[in-house]
Every structure is written in C-alpha cells, then in structure tokens.
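Read through the structure below, which is laid out as structure tokens, and then see the notes.
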Amino acid sequence: MIASVTVVGASLAGLGTARALRDQGFDGRVTVVGSEVHRPYDRPPLSKEFLAGTMARDELDLLSPEDEPLGVDWRLARTAVRLDPGGRSVWLDDGEPIASDAVVIATGSRARRLPGPPLAGVHTLRTVDDATALRAELVPGARLVLVGAGFIGAEIASTAAGLGVEVTVTEALATPLAGPLGVELGRVCAGLHGDHGVRLVAGVGVAELVGERRVSAVRLADGRELPADVVVVGIGARPCVDWLAGSGLALAPDGGVATDARCATAVPGVLAVGDCAAAHRDWAGGPLRLEHWTNALTQPNTAAATLLGRDDPLPPDHEAPYFWSDQYGHRLQFAGHRRDGDLVEVVEGDVDAREFLAVYRRGDQPVAVLGMNQPRQFTRWRRRLAARATTTATV
Ligand SMILES: Cc1cc2nc3c(=O)[nH]c(=O)nc-3n(C[C@H](O)[C@H](O)[C@H](O)COP(=O)(O)OP(=O)(O)OC[C@H]3O[C@@H](n4cnc5c(N)ncnc54)[C@H](O)[C@@H]3O)c2cc1C
C-alpha cells in the first residue's frame, strides 16, 4: 500500500499521472514538481495554431474545471535535481527533499541544440515561451531557415509560410522523414514543402551558423550559405534524465529511463512515463522511447494501475503507437511500427492528390499505416492494428 506519490514533470504525462491516480481511487498525497512556471499546457499547437496566432494562450491549458478535486500539491518553477538511489526522496533545486512512497518520472524531453555560441535570432521550439519568442520574429518577408525537416520542423515551416515568411528547410538526410515513414513516403510528405513554395535543401548537413551577435546565415557542409534573419534548429530532442545521475536507474540505449511494459523501473516504487520513458515493447525487442502525444496521454493510466497493484490491460497504442502531424493544411496520421524492409502499398487515394492511405507490411502482416487526409479509413486501420497487437503482445 502506498500513501504518497511524487510526480516529477508537470506536463501532459505528469498531469495524466495525477488524474489517473485519482480516477483509480488513490486518496493519498500527490505532489507534482515542474520546472516551468506554467501549469500543464499542451505542446502540439505550439508549432501549429498557437504559432500561427489562431489559438490563444489560455486554450493551451490542460487543466480544466473538472480537475478541481485533484487535490494536487503543485511545486511549479522548481526543478528536481536528484533522486535518492532507493527512490524514496526527490531533491529540489532549493535543497528541499520530498519523501514519498513512490516516484513517477515524467520529465519529458528538451530540444537539441547546435554547438556554438548563442546568437540572437536562433530558436528551438519546446515550450510556450519558445513559441512566443519565435512568433515575434515571424514577420512577413523575414527569411527563416529551418535546420531539420522532421515533423516539428516541417510544421514550423508550414506555419511560417502561412504568415508570409520566406522559408528554406535544410535536412542532412537525402529524404526527410525517411526514418519514421520510409524513403518512398518520406519523399511524398517532403513534397508538401515544394507544393507551398517552401525551398527544401536535402542531403547536406549544416556546418555552422554565421553571425556576430545575431544570426545572418546558415553555412552548409558543402560551403553554400543560406541568408537568414531567423533560424529554427529542429534536430530532435533529448530526454530530461540528467538529474537521475547517481539514482541507480538504468537508461535504455536511446537515453530514456528503461521500464517494463507497465512503466516500472527496476527500482521498486519508481516508474517513468511519457517522452522520457523507454518502455519495453515486444515489437521493438526491448525498451523504446516515443515522443508521441498519445503515448504521454495513455501511459499514465498504466503507471497508476501498476502503482495501485492493478492488472489493467495495456493501452492499444502500446504496441501500435500513434502520432499525427499537421502541415500545409494536410493531416498526416501514422500508427504501428515500420522498419526498413517493410513493403508499403497505397491502398486508397492517390499520393499526387495528397490524399491517400498506405499500409506497411512485413511478410503478409500489416504492421503500420500512414494516412494523409484520410481520417476515416485511417481510424479503421489503426483499430485493426491495435486489436491485432493487443492479442499478440506480452507483458
Ligand atoms: C512543438 C511541438 C509539437 C508537437 N506536435 C505533436 C503532434 O502533432 N503529434 C504528436 O503526437 N506529438 C506532438 N508533440 C509531442 C508531444 O507534445 C509530447 O510527446 C508530449 O508533450 C510529451 O509529454 P511529457 O509530459 O512526457 O513531456 P513534456 O511535455 O516534455 O513535459 C515534461 C515537463 O517536465 C519538466 N521537467 C523536465 N525536467 C524536470 C526536472 N528535473 N524537474 C522538474 N520538472 C522537469 C519540463 O519542464 C516539462 O514541463 C509535439 C511536441 C512539440 C514540442
């Protein structure tokens, strides 16, 4: 029996953990520690509607009036700096220890940066403060260079182009998004940039950012210089796990906190959820970190059940993960897990019309699905993949 839980990280997965504990009947003390000064807010709109100026700040808030009875002790603008090896005490940056029966790590991830001195005009996008600062510089006619054509980079490019900004996207890989989507469909999705007048420079890395105090250009590895008034570095994120050094917790090869399928680490009473957690997944053959909103939403239910000794089934997206991305007015949706060698077939629509559904197969088994502007068909396939995965997954 546990009487107190400390959740570290006050965002989607941290709030979700507090909610799930209460929903599952836990009436003990719940303390939520968060580095940011803000109460939990939603990140996906930061590269989309909020950046475009069509969504107000208060619409990002994740806490609603229904959360009133949560009875959480919020410790905001406080950073956890250490976890005792036994996992019973979390130490905050002001020296305060919080002792509890269980700790849930929900510290998410932070944007990776390029090496070099800081220059004005260079941004990353992870927080609402980042989005507000970037938005102020996206004025019509400004020249924006995006370093990295991943999903967040592509969304920022799309939003900035809609604001009248002159956008160039650079990508070290020959085909953007080839990792998650494969070369064939990565190429199709990257084609959206060209459709909307955004220049894509792929297959060449960035050597350095040029400028004295403010950035003036991006120098590519082949010597070319792309003039820039604003630069966004979108080269991925790293899990926020530095504070766990010395805790005895194992990290997975991808840097996430290694857990079993039920979010439990090897230290009794210490669990991890969301972007910072690498949960065991059968299809991955080990622990794997996912930076997907839906994963951060559903894992906390599993973590709370584990803490309270319940044996609830794993959420469907544990074995068939899901994410979406909105770019240039198109909705991309992906579910399942793809790897090199899978065969992909367009089963509905037409890639040239930017409206299609593609299924990835390993042998004769469907393993993943990608939809562009095909929400209904996609939802059917997503359910099918999840149902199949649930019947085959082990814990
Ligand atoms: C711009 C943007 C757009 C996105 N769009 C999509 C999308 O379209 N689709 C999709 O599926 N996913 C999207 N995502 C991903 C999704 O938002 C994340 O998967 C989700 O936010 C993860 O939630 P989390 O709670 O695990 O981590 P986070 O949201 O990263 O929150 C972790 C919190 O912990 C805090 N913290 C870190 N270290 C400490 C510490 N030591 N002590 C105390 N607090 C700490 C951080 O400050 C942060 O507030 C997007 C993400 C971003 C940034």
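For ligands, and for the atoms within them, numbers begin at 1 and follow the listed sequence.
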Using 30° and 60° as the class boundaries, would you call the ring planes of [X] and [Y] parallel, tilted or perpendicular?
X	Y	value
H38	Y41	perpendicular
F323	F334	parallel
H337	W283	parallel

For atom 9 (N) of ligand 1, the option (of F334, W324, F323, W293) bearing the nearest heavy atom: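 Residue with the shortest heavy-atom distance to the ligand atom: W324.
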So between H38, R110, R43, H292, whose heavy atom ends up nearest atom 48 (C) of ligand 1?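 Going through H38, R110, R43, H292 one by one, R43 has the nearest heavy atom to atom 48 (C) of ligand 1.
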Starting from atom 41 (N) of ligand 1, find the nearest protein heavy-atom neighbour and note its residue, name and distance.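 Protein heavy atom with the smallest distance to atom 41 (N) of ligand 1: A80 O, 2.9 Å.
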Using a plain distance cutoff, I'd like to know if [X] has any nitrogen or oxygen under 3.5 Å from a nitrogen or oxygen of ligand 1.
X	result
E36	yes
R126	yes
C276	no
S35	yes
R78	no
T79	no
S325	no

From N301, V5, V72, L70, residue fulfilling side-chain contact (heavy atoms from CB on, under 4.5 Å) relative to L21: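 For L21, the side-chain contact (heavy atoms from CB on, under 4.5 Å) test succeeds with only one of N301, V5, V72, L70, which is V5.
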Heavy-atom pairs closer than 4.0 Å: do any link ligand 1 to the side chain of A237, the backbone, both, or neither?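 Neither part.
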Ligand 1 versus P44: contacting region, heavy-atom distance under 4.0 Å: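 Both backbone and side chain.
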Taking CG in D27 as the centre, count heavy atoms belonging to other residues, nucleotides or ligands within less than 6.0 Å. Is the count above 12?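 Result for CG/D27: open.
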Do D352 and D350 have side chains that approach each other closer than 4.5 Å (heavy atoms only, starting at C-beta)?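 Touching, per the 4.5 Å side-chain cut-off.
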Rounded to the nearest 0.5 Å, what's the gap from CD1 on I235 to CZ on R113? Could you check?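 If we round to the nearest 0.5 Å, I235:CD1 and R113:CZ are 10.0 Å apart.
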